[in-house]
Amino acid sequence: MSDQSNAAAPAADARLDPALIRLSATVMLGAIMVILDTTIVSIAIHALGNEFHTSLSTISWVTTGYLLALAVVIPMAGWAVERFGATRMWTISLTLFVVGSALCGMAWSAEALIAFRILQGLGGGMIMPICMTLLAQAAGPQRIGRVMSIIGVPMLIAPVLGPVVGGLIVDHLSWRWIFYVNVPIGVIALIAAWRVLPRTDRGSASHRLDVPGLALISPGLAALVYGLSEAGNGGGFGSLKVQISVAIGLVLLAGFVVHALRRDGALLDLRLFRNRGFSVASVATFIIGAMLFGAMFLLPLYYQIARGQSASDAGLLMAPQGLGAMIAMAIAGRVSDRRGPRAVVPLGMLLSLLGTLVFTQVDGHTNEALLALALFVRGLGFGAAMMPAMSAAYATLAPAAVPRATTTLNILQRVGGSLATALVAVELQHAVAHRVGGGSGAGALAESAGAKLSGPIADKVGEAFGVTFWWVVALTAVGLVASVFLPGRSRPASAAGSDTPATTPADVQAASPHPEPVTVD
């Protein structure tokens, strides 16, 4: 009888109870806004430049300033959660994001809009790390795969919906509604958070801010992201400004690594990388971020430039990728929880590789049905790989390490995405310049955006995109190799012989600052 009871307990722990589902739905509202905002605004850049009668280099800071704000604030997320509590920081961050969105909608000049976008980014930067911390602490290792799959939905769907929603708003309403749309969703999320999120999490005053570490890592990340953004915007890696910015960023980050390894309580706990499972999962997360954002930069441009599609039509043509991701996520989380991430992530990487390979052969007239099928397969791959890889990083960590582990994973994903975007942007410009001529691929791309190219020129531009997609294929191949080393089925520490004991729901409740994170109304 006791054996049956013991066998039933893990099954009960593995269920997604209503309280956990409510918690997941609440934090996902905030995540959707932040991720959607990174893509929806890019569609309006041209309209914003015309509205404020300013140059493209100036108005591009609407995006660059937002990314820099994210880079500056993300390293503080782990400390802020430990010091003030996840619920309190979630409310503060979401409020900042909503207020920043409203102010962006009311902006009267390009300079004001850039300033308000930075404010918006300061709030938005913490939302994703706190969201993942709340879910990881509430779910425990038995349910982490399925719960992380829930938060993976906006991470994969928002980049697809962003261009469609942004195009519709710009065409039929006003650019201001790109920002105003966040306000009602944010208010709903704040009300839901007040009702659903645990209120016993007050943090601990003993967690002091690592000021020297913050002075190294935040400016270092900002300089690196700025340099990569400028390289992708047309400067290339040969630009002196890009080289100086990247060099400063790397020096500051190297200084932070030395500092963090010598100090207890550093802003990021680099000693987590002594855990083999966390290290491999971190590499996979970095590569997946690069694969996702690198391809998401190329795909809309391919449809708009090489094929002459509108922004909204390009978004619709990319919908099969989102559909594939949704289907795979519904299955991958369960399989990962039962058999371990190694059972699904390599398969997902392989599917992504096969789907991306099709785009290395494109021209301006490649069959759309074939491309839709390739995107569907690619979406299946991402849906199977992304969140199981991230959840693998938590599987062998103590609950107290979750906030800083989450911060580390978010930084890796952000830097991976920025690096891949810059790489493919520079390669695309070179490939277009080589095939079309004119010396600068950036100029050719700018002139052809939104225009229907003639057949031969469209094919040459399409072939340039095909060559660039080989970079995404190479990144995916690296991710495939790394995913083979992910942990398999989780085992108790005594059975696994690991130095780091596997966590249990009881451990989570004992070590977490809020002992019962999902017993809510």
Side-chain angles (χ1 to χ4, degrees), residues 67-83 122 125-126 128-130 132-133 204 206-231 237 240-290 390 392-394 396-398 400-420 422-423 478 482 485 498-500:
L67 292 176
L68 291 180
L70 293 181
V72 168
V73 78
I74 284 177
M76 296 182 61
W79 167 81
V81 167
E82 293 174 340
R83 174 62 180 84
L122 292 175
M126 285 204 182
M128 278 302 296
I130 297 172
M132 295 168 66
T133 297
S204 172
S206 63
H207 289 284
R208 296 185 177 181
L209 179 62
D210 175 19
V211 177
L214 181 64
L216 288 169
I217 190 171
S218 286
L221 283 173
L224 181 61
V225 170
Y226 172 74
L228 296 175
S229 298
E230 287 298 298
F237 289 103
L240 182 62
K241 178 170 62 174
V242 171
Q243 293 174 350
I244 292 175
S245 180
V246 170
I248 292 174
L250 291 176
V251 168
L252 290 175
L253 292 177
F256 174 79
V257 170
V258 174
H259 164 79
L261 292 175
R262 292 180 177 179
R263 170 179 173 145
D264 292 329
L267 200 62
L268 293 182
D269 187 2
L270 298 185
R271 296 169 188 174
L272 291 172
F273 288 99
R274 295 174 181 172
N275 183 307
R276 178 179 174 275
F278 180 82
S279 297
V280 175
S282 297
V283 172
T285 298
F286 177 86
I287 295 298
I288 290 172
M390 296 189 74
Y394 298 108
T396 57
L397 295 180
V402 167
R404 298 195 182 195
T406 301
T407 301
T408 302
L409 292 174
N410 274 270
I411 289 174
L412 288 172
Q413 191 178 69
R414 180 68 57 186
V415 173
S418 298
L419 178 60
L423 282 173
V478 174
F485 297 94
S498 172
D499 293 334
T500 307

Where F256 and G213 come nearest, the two heavy atoms and their spacing: CD1-O, 3.5 Å
Looking at residues at least two apart in the chain, or sitting in another chain, which of them share a side-chain contact (heavy atoms from CB on, under 4.5 Å) with A284? A389
In short, A420 meets A290 closest at the heavy-atom pair CB-O, 3.2 Å
Output all residues satisfying side-chain contact (heavy atoms from CB on, under 4.5 Å) with V478, sequence neighbours left out; order by chain, then residue number. I287
I need the minimum non-hydrogen distance between R274 and S279, along with the two atoms involved. N-OG, 4.4 Å
Does T285 have any side-chain contact (heavy atoms from CB on, under 4.5 Å) partners at least two apart in sequence or in another chain, and if so, which? M390, L409, Q413
Hits for ring pair (Phe, Tyr, Trp, His ring centres under 6.0 Å) against F485, two or more places apart or cross-chain, chain-then-number order -> none
List the atom pairs, donor and acceptor, that lie under 3.5 Å between side-chain atoms in residues 246-253 and the rest of the protein, sequence neighbours left out.
none

Please enumerate all residues that pass side-chain contact (heavy atoms from CB on, under 4.5 Å) together with A482, with sequence neighbours excluded. V283
